[in-house]
Amino acid sequence: MTVKTRFAPSPTGYLHIGGARTALYCWLYARKTGGNFLLRIEDTDRERSTQASVDAILEGMEWLQLDYDEEPVFQTDRFDRYAEVIQQLMDQGDAYYCYCSREELDEMRDQQRKNKQKPRYDGRCRHRSEPREGVDPVIRFRNPTDGEVVIDDLVKGKIVIANKELDDLIIARSDGTPTYNLTVVVDDIDMQMTHVIRGDDHINNTPRQINMYKALGAELPKFAHVPMILGDDGKRLSKRHGAVGVMQYREEGYLPQAVLNYLIRLGWSHGDQEIFSREEMIALFDIGDVHSAPSTFNTEKLQWLNQQYIKTLPVEEIIKHLQWHIEDQNLDISNGPELADVVNASRERAKSLADLVASCRYYYEDFTEYDLNAAKKNFKTATPDIMQALRDQLESLSEWELDSIDTAIKATCKTLDLKLNKVGPPLRVAVTGSAMSPSLDVTLKLVGRERTLKRLTQAIAFNRAKYA
RNA sequence: GUCCCCAUCGUCUAGUGGUUAGGACACUGCCCUUUCACGGCAGUAACCGGGGUUCAAGUCCCCGUGGGGACGCCA
């Protein structure tokens with residue numbers, strides 16, 4: 001049978017990092033097995049679902065390049081079908097009207113809590129035959145009272161839950177709209193899902209859902225419950241608890257490759273391997289190998305991975321993702337060196353794409369102020385003379401190439417009888433405004449002759465004024 | 001409170017009865033070096049506790065402890 005998986009977020013916020021991992025696992029498993037991966041938007045809660053969230057989720061999926069095989073399914077398009085199934089359950093006697101008020105239910109739960117019991121619906125409307133005047137009833141699923149439900153979970157193993165721990169859950173609200181546990185089951189059956197991969201916060205729902213599968217005479221999919229991701233404080237990462245949206249990682253300069261690589265290694269591994277290409281992920285991943293314990297999100301490792309990818313990805317790929325940051329940081333690159341050359345010169349010292357852009361500004365724009373610490377440390381009384389000597393040497397060059405620039409700098413050192421470490425650092429500050437840049441020959445070559453000479457003139461003036 | 005899940009360095013993990021408990025991030029030191037990085041080398045650091053089973057337990061079982069989750073007319 002062809003594998004079918006789905007990612008089923010509810011559009012009540014952005015795509016967060018935990019959701020992204022679940023989506024990745026679903027996607028990988030489908031891709032690995034030659035199956036299909038679908039996206040289903042669970043928007044039955046009309047109070048909280050928004051179009052903006054739908055867009056954000058779609059955007060996140062696209063950024064991560066987790067492509068789905070069919071058009072996304074929206075549950076709000078399927079209300080007729082849910083009503084049909086609810087009616088079927090009513091007709092079969094597997095569902096019933098419940099007229100209890102919210103106050104009544106609250107009181108019941110309070111009482112149970114007081115008695116140190118698990119709050120659960122006690123089934124008081126199970127046998128009611130008369131409607132209650134003026135009350136729009138909800139519909140509850142009649143859960144079996146005896147026996148137990150067994151989940152053969154692909155990541156957790158065998159889980160057994162006694163039916164007496166479960167209660168009769170609401171499948172239709174008093175306004176007639178269906179609720180989560182019903183819609184999931186109906187959709188997964190109709191969409192012929194073979195594998196339900198989701199966060200383990202859903203484990204408690206699974207036995208109820210299995211009972212509904214049984215009531216509907218449907219075949220069970222395989223379940224795989226992946227552990228939650230915890231924040232630095234050990235608490236579950238969620239929308240209301242520090243989980244940031246995946247698009248925020250783009251804003252901070254992460255590559256989608258790095259995010260995906262980080263996510264796959266969070267709870268899964270393949271020996272000692274840390275870096276996985278997309279192809280390797282698909283080839284090596286198996287849902288059954290996912291670690292059953294929750295893991296803590298660690299930004300430093302994500303940073304390291306990001307750096308690895310910035311260092312090694314083809315330059316065109318880097319540039320593709322860099323565009324967004326160039327716009328974001330308002331950098332005009334039309335007047336300066338080739339972006340590819342700049343990227344190649346600087347990629348080894350960038351932790352993020354945002355850093356990369358920020359640290360390349362001097363190739364394209366002039367500046368009038370120097371980094372305070374860099375100037376303080378490297379501009380001395382002798383600087384104007386050194387800069388002047390450098391300027392003379394560089395100006396006389398017939399060609400502006402790495403070799404000639406390098407030779408000019410060394411020749412200056414010799415003329416002045418100074419070591420390179422007295423000449424190089426101030427030169428760097430003069431030309432870039434900061435204390436860090438690629439090696440001087442590369443930097444000067446890219447900055448260009450004209451700009452270099454102009455900046456040396458500027459540095460001479462600056463230092464003359466300072467030490468006058 | 002009740003039920004469910006989980007437990008190896010600070011973090012991510014390898015490990016499937018016999019290992020000097022391995023790797024990665026982070027951290028520290030050294031080397032490389034015109035800066036910052038990169039890179040290389042070295043180092044600190046872990047089997048939650050207690051009982052079993054066994055010749056042998058990080059590995060299997062039980063009980064604690066700790067952490068997480070669920071207990072909605074949310075998903």
Side-chain angles (χ1 to χ4, degrees), chain A residues 8-12 42-45 47-49 75 98 100 102 105-106 109 112-121 136-140 151 153 156-157 159-162 164-167 169-175 177 179-181 183-184 198-207 225 227-228 230 232 234-236 262 265-275 291-305 307 311 346-351 359 374 377-378 409-410 413 419-429 432 434-441 443:
Chain A
S10 65
T12 54
E42 311 222 320
D43 53 354
T44 52
D45 183 350
E47 303 272 303
R48 279 187 271 184
S49 300
Q75 293 193 316
C98 168
C100 297
R102 293 172 202 251
L105 294 173
D106 285 346
R109 292 188 191 111
Q112 288 165 330
R113 255 186 266 267
K114 214 172 282 175
N115 296 336
K116 304 197 168 187
Q117 290 172 318
K118 172 158 43 169
R120 51 193 284 282
Y121 182 64
D136 291 326
V138 299
I139 298 175
R140 289 184 185 269
I151 311 171
D153 197 275
K156 303 274 187 183
I159 302 170
V160 182
I161 293 107
K164 67 172 198 282
E165 294 295 336
L166 274 24
D167 64 357
L169 76 184
I170 292 171
I171 55 177
R173 302 183 180 94
S174 47
D175 65 1
T177 56
T179 62
Y180 168 74
N181 279 292
T183 59
V184 175
R198 63 191 7 166
D200 72 1
D201 50 336
H202 285 288
I203 282 189
N204 293 280
N205 292 134
T206 307
H225 288 98
M228 302 279 90
L230 274 26
D232 285 328
K235 293 274 186 246
R236 169 191 168 185
Y262 180 72
R265 275 291 282 105
L266 198 60
W268 176 87
S269 62
H270 180 72
D272 288 341
Q273 192 170 343
E274 295 289 346
I275 311 276
H291 199 123
S292 55
S295 35
T296 306
F297 193 88
N298 181 236
T299 308
E300 279 160 347
K301 184 143 186 189
L302 170 60
Q303 247 165 32
W304 175 77
L305 274 165
Q307 197 172 20
K311 265 167 47 187
S346 302
R347 67 204 306 191
E348 281 196 350
R349 61 209 87 217
K351 272 196 162 52
S359 68
K377 190 171 171 203
N378 296 296
I409 295 172
K410 286 188 176 136
C413 289
K419 290 214 159 135
L420 188 49
N421 63 10
K422 296 283 176 225
V423 176
L427 171 59
R428 172 170 284 106
V429 179
T432 71
S434 84
M436 47 194 125
S437 86
S439 69
L440 282 168
D441 47 357
T443 305

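Throughout, a chain's letter reflects where its sequence line sits, starting with A, and its residues are numbered from 1.
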Among the nucleotides [options], which one has an atom lying closest to any side-chain atom of [X]?
| X | options | result |
| --- | --- | --- |
| A:D45 | B:rU34, B:rC73, B:rA75 | B:rA75 |
| A:N204 | B:rG72, B:rC3, B:rU35 | B:rC3 |
| A:D272 | B:rA75, B:rC73, B:rG22 | B:rG22 |
| A:P119 | B:rA14, B:rG72, B:rA75 | B:rG72 |
| A:R48 | B:rU13, B:rG72, B:rU35 | B:rG72 |

Sugar-phosphate only, base, or nothing, as touched by [X] at under 4.0 Å among non-hydrogen atoms:
| X | answer |
| --- | --- |
| A:R113 | nothing |
| A:S439 | base |
| A:E165 | sugar-phosphate |
| A:L440 | base |
| A:R109 | sugar-phosphate |
| A:P207 | nothing |
| A:G199 | nothing |
| A:N205 | base |

Can you tell me how far [atom1] in [N] sits from the matching atom in [M], rounded to whole Å?
| N | M | atom1 | value |
| --- | --- | --- | --- |
| B:rA75 | B:rC62 | C1' | 37 Å |
| B:rC63 | B:rG43 | P | 42 Å |
| B:rC9 | B:rG15 | C1' | 14 Å |
| B:rG67 | B:rU11 | C1' | 15 Å |
| B:rA24 | B:rU8 | C1' | 15 Å |
| B:rC48 | B:rG66 | P | 16 Å |
| B:rC38 | B:rC32 | C1' | 10 Å |
| B:rA7 | B:rU13 | C1' | 14 Å |

[X] side chain near [Y] side chain, heavy-atom distance below 4.5 Å:
| X | Y | answer |
| --- | --- | --- |
| A:I161 | A:I151 | yes |
| A:T179 | A:T44 | no |
| A:P438 | A:R349 | yes |
| A:D45 | A:T12 | no |

Mind calculating the distance between [atom1] ([X]) and [atom2] ([N]) to the nearest angstrom?
| X | N | atom1 | atom2 | result |
| --- | --- | --- | --- | --- |
| A:R198 | B:rG69 | CZ | C1' | 14 Å |
| A:L305 | B:rC12 | CG | P | 15 Å |
| A:M228 | B:rA75 | CE | P | 17 Å |
| A:H225 | B:rA70 | NE2 | P | 12 Å |
| A:D201 | B:rC71 | CG | C1' | 13 Å |
| A:L169 | B:rA75 | CG | P | 11 Å |
| A:D441 | B:rU33 | CG | C1' | 13 Å |
| A:Q303 | B:rA24 | CD | C1' | 15 Å |

Mapping A:Y180 and A:S269 onto RNA chain B by nearest heavy atom, which one lands closer to the 5' end?
-> A:S269
Toward the 5' end of RNA chain B, by each residue's nearest nucleotide, A:R120 or A:N421 = A:N421
Opposite nucleotide pairing with [N], Watson-Crick or G-U, both atom distances under 3.5 Å:
| N | value |
| --- | --- |
| B:rU16 | none |
| B:rG10 | B:rC25 |
| B:rG1 | B:rC71 |
| B:rC30 | B:rG40 |
| B:rG64 | B:rC48 |

Examine the base of [N] for any acceptor or donor lying under 3.5 Å from a partner atom in the side chain of [X], and report the outcome as yes or no.
| X | N | result |
| --- | --- | --- |
| A:T179 | B:rC73 | no |
| A:N181 | B:rA75 | no |
| A:E274 | B:rG23 | yes |

Steps toward side chain to side chain contact (heavy atoms under 4.5 Å, CB included) verdict (A:I275, A:L305) | CA-CA 8 Å; A:I275 311 276; A:L305 274 165; 3.7 Å; yes
Would a distance-only check, ignoring hydrogens and angles, find a side-chain to backbone donor-acceptor pair under 3.5 Å from A:N115 to A:Q117?
-> no
A:R120 versus A:K164, closest heavy-atom pair with distance | NH2-O, 3.0 Å
Identify each atom pair where a protein N or O and an N or O of nucleotides 5-11 of chain B are less than 3.5 Å apart, giving names and distance.
from  : atom 1 : to     : atom 2 : distance (Å)
B:rC5 : O2'    : A:K156 : NZ     : 2.5

Check the pair A:I409 / A:D441 against side chain to side chain contact (heavy atoms under 4.5 Å, CB included), numbers first and verdict last.
-> CA-CA 9 Å; A:I409 295 172; A:D441 47 357; 5.7 Å; no
If we ignore angles and hydrogens, is there a donor and acceptor under 3.5 Å between the side chains of A:T443 and A:S437?
-> yes
Indicate whether any N or O donor in one side chain lies under 3.5 Å from an N or O acceptor in the other, for A:R265 and A:S295.
-> no
What string of B, S and - do you get for nucleotides 38-45 of chain B, 5' to 3', when a contact is any protein heavy atom under 4.0 Å?
-> SS------
Should A:L302 and A:F297 be marked as a side chain to side chain contact (heavy atoms under 4.5 Å, CB included) after you check the CA-CA gap, both sets of side-chain angles, and the distance that decides it?
-> CA-CA 9 Å; A:L302 170 60; A:F297 193 88; 4.0 Å; yes
Take A:T206 and A:R198 through the side-chain hydrogen bond (donor to acceptor under 3.5 Å, both in side chains) test and state the conclusion after the steps.
-> CA-CA 11 Å; A:T206 307; A:R198 63 191 7 166; 3.1 Å; yes
A:Y180/A:S10 under side chain to side chain contact (heavy atoms under 4.5 Å, CB included): CA gap, chis, key distance, verdict = CA-CA 10 Å; A:Y180 168 74; A:S10 65; over 6 Å; no
